[in-house]
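Chain identifiers are assigned alphabetically (A, B, ...) following the order of the sequence lines, protein sequences preceding nucleic acid strands; residue numbering begins at 1 within each chain.
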2 protein chains.
Amino acid sequence: MKQQRSTRQRQLVLDAVRSRCDHPTADEIYIDVRASDSRISRGTVYRNLALLSDAGEILHVKVPGADRYDLRRGPHYHLLCTSCGAVSDLPMPYDPELDEQVSRATGCAISRHRTIFEGICPSCAEKQEAGE
Amino acid sequence: MKQQRSTRQRQLVLDAVRSRCDHPTADEIYIDVRASDSRISRGTVYRNLALLSDAGEILHVKVPGADRYDLRRGPHYHLLCTSCGAVSDLPMPYDPELDEQVSRATGCAISRHRTIFEGICPSCAEKQEAGE
DNA sequence: ATGGGTGCAAAGTGTTTGCAAGTAT
DNA sequence: ATACTTGCAAACACTTTGCACCCAT
């Protein structure tokens with residue numbers, strides 16, 4: 001991995017991710033960062049998000065549609081509301097035993113697994129009942 | 001859900017998915033279908049893949065990069081080789097109990113979960129050792 | 001000074017969609 | 001006859017990249 005320099009832009013991106021409790025998309029981070037410095041470009045935000053997640057400073061959550069980023073560092077499970085698109089953390093421990101099981105069963109060197117639960121969050125369920 | 005008609009194009013798409021043991025991307029299906037009928041358009045393939053997976057005839061596997069489709073119908077877990085991009089099925093039973101756990105913990109109506117294991121498959125591991 | 005970093009805009013990649021014509025029911 | 005489907009191309013959403021200049025080390 002390349003040597004990382006410390007730049008104002010990189011710091012702004014990192015701060016933007018850390019200042020949010022939800023799971024912002026790259027573009028949401030871009031919007032936030034633009035509020036502090038309107039000259040930062042999308043490319044820079046994308047590049048820095050990639051660098052920071054490679055370095056383990058933030059977590060890259062691969063959700064269909066648009067990838068998201070998370071201030072929590074370790075792997076954990078996520079919940080996606082298929083109605084409103086909100087993503088939230090789940091209070092379940094990551095199970096490394098599964099990775100070992102799969103390693104043994106397949107002969108592959110497993111580095112991790114990603115689990116996303118799909119459902120309808122309570123507020124969306126309400127809206128749907130009201131609407132129909 | 002809309003009423004489904006039976007068309008030659010739809011059948012070709014379904015056959016193409018069923019004739020493969022791997023997990024083709026929409027574009028791979030498109031290539032296959034074009035071999036039988038060179039006038040089918042990408043749009044039609046995408047539309048039919050969506051319709052068929054909505055109808056439960058095939059499974060939509062949401063892998064980062066490009067979505068894939070699977071002739072197996074029920075939900076199950078997948079393995080993604082982060083080096084060559086190959087996707088394969090895992091011989092592990094789907095655990096519906098997890099969905100209930102999350103439902104209880106969050107109050108959301110969980111419909112399913114998707115798990116993707118990431119690792120390096122044996123043949124890629126070999127190549128990497130040889131290359132370095 | 002040197003090599004990574006930045007801004008910009010253009011190009012990619014994967015997917016969806018508006019429309020007029022076609023076709024299964 | 002009706003309304004779902006198709007082919008085509010344009011549009012989309014998200015992300016990456018080439019390039020010339022900039023700046024942290």
Quickly work out the [X] [atom1] to [N] [atom2] distance and round it to whole Å.
{"X": "B/Gln4", "N": "D/dC4", "atom1": "CD", "atom2": "P", "answer": "12 Å"}
{"X": "B/Arg47", "N": "C/dG22", "atom1": "CZ", "atom2": "C1'", "answer": "13 Å"}
{"X": "A/Asp37", "N": "C/dG7", "atom1": "CG", "atom2": "P", "answer": "7 Å"}
{"X": "A/Gln9", "N": "D/dC21", "atom1": "CD", "atom2": "C1'", "answer": "13 Å"}
{"X": "A/Arg42", "N": "D/dG18", "atom1": "CZ", "atom2": "P", "answer": "20 Å"}
{"X": "A/Arg5", "N": "D/dC22", "atom1": "CZ", "atom2": "C1'", "answer": "10 Å"}

Measure up the A/Tyr77 and A/Phe117 rings against each other and bin them: parallel (under 30°), tilted (30 to 60°), perpendicular (over 60°).
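Plane angle over 60°, so perpendicular.
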
Distance below 4.0 Å between [X] side-chain N/O and [N] OP1 or OP2:
{"X": "A/Thr7", "N": "C/dT6", "answer": "yes"}
{"X": "A/Arg10", "N": "C/dG5", "answer": "yes"}
{"X": "A/Thr44", "N": "C/dG7", "answer": "yes"}
{"X": "B/Tyr46", "N": "C/dT15", "answer": "yes"}

Base, sugar-phosphate, or nothing for [X], non-hydrogen atoms under 4.0 angstrom?
{"X": "B/Ser6", "answer": "sugar-phosphate"}
{"X": "B/Ala50", "answer": "nothing"}
{"X": "A/Asp27", "answer": "nothing"}
{"X": "B/Asp67", "answer": "sugar-phosphate"}

Contact nearer the 5' end of DNA chain C, comparing B/Arg8 with B/Gly65:
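First, find each residue's nearest nucleotide; the 5'-ward one identifies B/Gly65.
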
Using 0.5 Å steps for rounding, measure from the CG atom of B/Asp37 to the CD1 atom of B/Ile40.
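It comes to 4.5 Å.
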
Under 3.5 Å, is there a donor-acceptor pair linking the side chains of B/His76 and B/Asp70?
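Present: a donor and an acceptor within the cut-off.
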
Step through it carefully: locate the ring centre of B/Tyr69, locate the ring centre of B/His60, and say whether they are under 6.0 Å apart.
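Judged by ring-centre distance (under 6.0 Å), B/Tyr69 and B/His60 do meet the cut-off.
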
